[in-house]
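Chain A is the first sequence line, chain B the second, and so forth, proteins listed ahead of strands; every chain is numbered from 1.
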Amino acid sequence: MPELPEVETVRRGLFRLVVGKQIESVRTIDSPKSFPNDLASVEQFMIGATITDVRRRAKVLLIDLSTEYTLVIHLKMTGQLVFIGHQPKPSETASRRASVEYASADTRAADVSSDVADDLPELRFGAGHPNDSLIGELPDRSTRVEITFSDKSHLFFNDQRKFGWIKLFPTLEVPNIDFMQRVGPEPLEDSFTSTEFIPRIRRRQNTTIKAAILDQTVLAGVGNIYADESLWGAKIHPATRVRDVTDEQLALLLKEIKYVMNLSIEKGGSTDRNYVNAEGKRGSYIDFARVFRQEGQPCPRCGRVIEKTRVAGRGTHICPTCQVIQ
DNA sequence: CACTTGACCTGTCCGC
DNA sequence: TGCGGACAGGTCAAGT
């Protein structure tokens, strides 16, 4: 679900909200897959620890603790991190429902960047959870982990499909994790240019260009949304074989990947449904999507109706006029 | 090695 | 209204 822009948006929000907080307790529910560490190490290295940093690599979140341990978190398809802050009015403690401001991916960037957001005592952060638009108390049936801080605020890890996970590693070992070893460069780094991108993607000459940019070992962070969006931007049909794509097209494709991801971060990522937070703000990257989930709508460039098909085993959106297989 | 497909899960939506 | 099947933004482990 969450791709790089969504994870980055969550990172920014969490950084602002949880750095400096001290962990008081950790509760796991249905944990074998969602949080496979044994309870003893969790107790030893989490309880009493203070959060020192929130980082991101590819689609993985890294929450550093003062114990020199790090929570490594992959949200996969339906994972969600929800922060519920301390209720400032002691009288309203009957229900958390009443104390929560809901900020979806639609509005998160605005919340992070606006001065108003600093005045909000509570925020909910998540990404892509199908229940984003449902107001409910937490924990709910998708909650896998609940972290309670010493100020009684909470961080919930919800994950409907249980694909996501949290794992606790010594901070120094994080770079040695298999995923970290294999994952490709960060596409938004200024230093990542077509000089590096082109040879990396050409390792996958025989597959489709969409499969190639979804390959996390080629470059980090592209998922189905931004694959379709960037390919449309570069006027490349997703099913085109890499060998049939010119270097000029690849250079343009990288430019489009950077563009759509930066735009999405600016918009606070995407969610799969409309959502309005407590301030009535909305507007997400999905509102700016040119092809993703736009089947039946006119192509913003040429007016031809956008079609949905299947490439690399994934739902794929194209403009049949702008994007032709080479 | 490169590439494709199915599996992991739960929930929702769509057609009958 | 119920039921079966397809599908969902990600990655792995298998298979060819």
Side-chain angles (χ1 to χ4, degrees), chain A residues 1-10 29-34 36 56-61 72-80 104-106 126-134 136 140-144 157-165 167 177-184 200-231 238-239 241-243 257 260-261 264-265 267-273 275 284-289 291-296 308-317:
Chain A
M1 56 103 1
E3 305 181 30
L4 188 152
E6 288 71 35
V7 179
E8 174 61 17
T9 301
V10 172
I29 305 161
D30 196 13
S31 59
K33 298 192 57 152
S34 302
R56 178 190 60 75
R57 174 76 172 97
K59 300 174 189 172
V60 169
L61 278 168
V72 181
I73 305 172
H74 202 306
L75 301 172
K76 290 287 182 83
M77 301 280 269
T78 54
Q80 180 187 53
S104 75
D106 296 28
H129 190 284
N131 290 332
D132 258 357
S133 63
L134 302 178
D140 66 15
R141 89 188 116 172
S142 74
T143 301
R144 312 297 169 207
F157 174 54
N158 292 340
D159 186 20
Q160 181 178 98
R161 289 168 76 178
K162 304 182 190 177
F163 290 172
W165 42 256
K167 293 172 187 168
I177 299 170
D178 278 356
F179 179 89
M180 295 296 180
Q181 288 284 309
R182 291 198 322 269
V183 74
R200 292 188 75 88
I201 203 131
R202 291 221 180 276
R203 299 188 321 200
R204 304 291 311 271
Q205 285 284 57
N206 233 1
T207 192
T208 61
I209 185 66
K210 177 160 177 173
I213 59 174
L214 286 173
D215 182 342
Q216 301 297 295
T217 70
V218 171
L219 79 168
V222 176
N224 209 30
I225 297 177
Y226 305 106
D228 283 4
E229 289 294 303
S230 59
L231 286 164
R241 299 279 139 181
V242 172
R243 69 171 111 79
I257 289 170
V260 295
M261 285 194 168
S264 183
I265 291 171
K267 301 300 177 191
S270 307
T271 55
D272 61 357
R273 56 191 63 220
Y275 193 80
S284 69
Y285 176 78
I286 218 73
D287 294 335
F288 297 83
V291 285
F292 191 80
R293 296 204 179 154
Q294 301 302 307
E295 60 268 32
K308 184 171 181 185
T309 171
R310 211 156 180 88
V311 176
R314 316 294 302 276
T316 298
H317 309 75

Check: Residues in side-chain contact (heavy atoms from CB on, under 4.5 Å) with A/R182, at least two apart?
Finding: A/D178, A/T217
Note to self: Run the side-chain contact (heavy atoms from CB on, under 4.5 Å) test against A/D30 and tell me which residues pass, sequence neighbours left out.
What the structure shows: A/P32, A/R144, A/K162
Next item on the list: Please state how far atom CD1 in A/I73 lies from atom P in C/dG10, giving the value in whole angstrom units.
Entry: 18 Å
Notebook entry, point to check: Where the side chain of A/R141 is concerned, which of C/dA8, B/dG11, C/dT11 is the nearest nucleotide?
Noted result: B/dG11
Check: Which residues satisfy the salt bridge (Lys or Arg N to Asp or Glu O under 4.0 Å) test with A/R57, sequence neighbours excluded?
Finding: A/E186
Notebook entry, point to check: Tell me: CZ of A/R314 to C1' of C/dG10, nearest whole Å?
Noted result: 6 Å
Item checked: C/dC12 phosphate, OP1 or OP2, under 4.0 Å from A/R182 side-chain N/O -> yes
Check: salt bridge (Lys or Arg N to Asp or Glu O under 4.0 Å) with A/R161: which residues, sequence neighbours excluded?
Finding: none
Notebook entry, point to check: How would you label the contact of A/Y226 with the nucleic acid (heavy atoms, under 4.0 Å): base, sugar-phosphate, or nothing?
Noted result: nothing
Item checked: side-chain hydrogen bond (donor to acceptor under 3.5 Å, both in side chains) partners for A/T143, two or more places apart -> A/D140, A/N158
Next item on the list: For A/Q216, enumerate each residue passing the side-chain hydrogen bond (donor to acceptor under 3.5 Å, both in side chains) test, keeping only those at least two apart in sequence or located in another chain.
Entry: none
Check: What integer distance in Å separates A/L75:CG from B/dT10:P?
Finding: 18 Å
Next item on the list: Figure out the CZ/P separation between A/R56 and C/dG10, and round it to whole Å.
Entry: 14 Å
Next item on the list: Indicate yes or no: at least one non-hydrogen side-chain atom of A/K267 is less than 4.5 angstrom from one of A/P5.
Entry: no
Distances for protein N/O vs nucleotides 4-7 of chain C N/O pairs under 3.5 angstrom?
none

Margin query: In the structure I gave you, are the side-chain heavy atoms of A/S230 and A/I213 within less than 4.5 Å of one another anywhere?
Written below: yes
Next item on the list: Taking atom P in both C/dG5 and B/dA7, compute the distance separating them and give it to the nearest angstrom.
Entry: 15 Å
Note to self: In whole Å, I'd like the distance from the CD atom of A/Q216 to the C1' atom of C/dC12.
What the structure shows: 12 Å
Notebook entry, point to check: In chain order, what residues pass the ring pair (Phe, Tyr, Trp, His ring centres under 6.0 Å) check against A/F292, with sequence neighbours excluded?
Noted result: A/H317
Check: For A/R202, what residues pass the salt bridge (Lys or Arg N to Asp or Glu O under 4.0 Å) criterion, not counting sequence neighbours?
Finding: A/D247
Margin query: If I pick the P atom on B/dC9 and the same atom on C/dA14, what distance separates them, to the nearest angstrom?
Written below: 14 Å
Check: Quick one: does A/L75's side chain get under 4.5 Å of A/K59's, heavy atoms only?
Finding: no
Next item on the list: Going 5' to 3' through nucleotides 2-8 of chain B, assign each nucleotide B (protein heavy atom under 4.0 Å from a base atom), S (under 4.0 Å only from sugar-phosphate atoms) or - (no protein heavy atom that close).
Entry: -SS---B
Show the atom names and distances, to 0.1 Å, of all donor-acceptor pairs under 3.5 Å that link a side chain in residues 218-225 of chain A to residues at least two apart or in another chain.
from	atom 1	to	atom 2	distance (Å)
A/N224	OD1	A/K210	NZ	2.6
A/N224	ND2	A/G315	O	2.9

Next item on the list: Whenever both distances are under 3.5 Å in a Watson-Crick or G-U wobble pair, mark it; put DNA chain C into dot-bracket that way, with [ ] for crossing pairs and | when the partner is on another strand.
Entry: .|||||||.|||||||
Next item on the list: Examine C/dT11: is either OP1 or OP2 under 4.0 Å from a nitrogen or oxygen in the side chain of A/H74? Give yes or no.
Entry: yes
Checklist line | Whole-Å distance separating the CZ atom of A/R57 from the P atom of C/dG10 | finding: 17 Å
Checklist line | Whole-Å distance separating the CH2 atom of A/W165 from the C1' atom of C/dT11 | finding: 10 Å
Note to self: In whole Å, I'd like the distance from the CG atom of A/D159 to the P atom of B/dT10.
What the structure shows: 10 Å
Checklist line | Out of C/dG10, B/dT10, C/dC12, whichever nucleotide has its closest atom nearest the side chain of A/K162 | finding: B/dT10
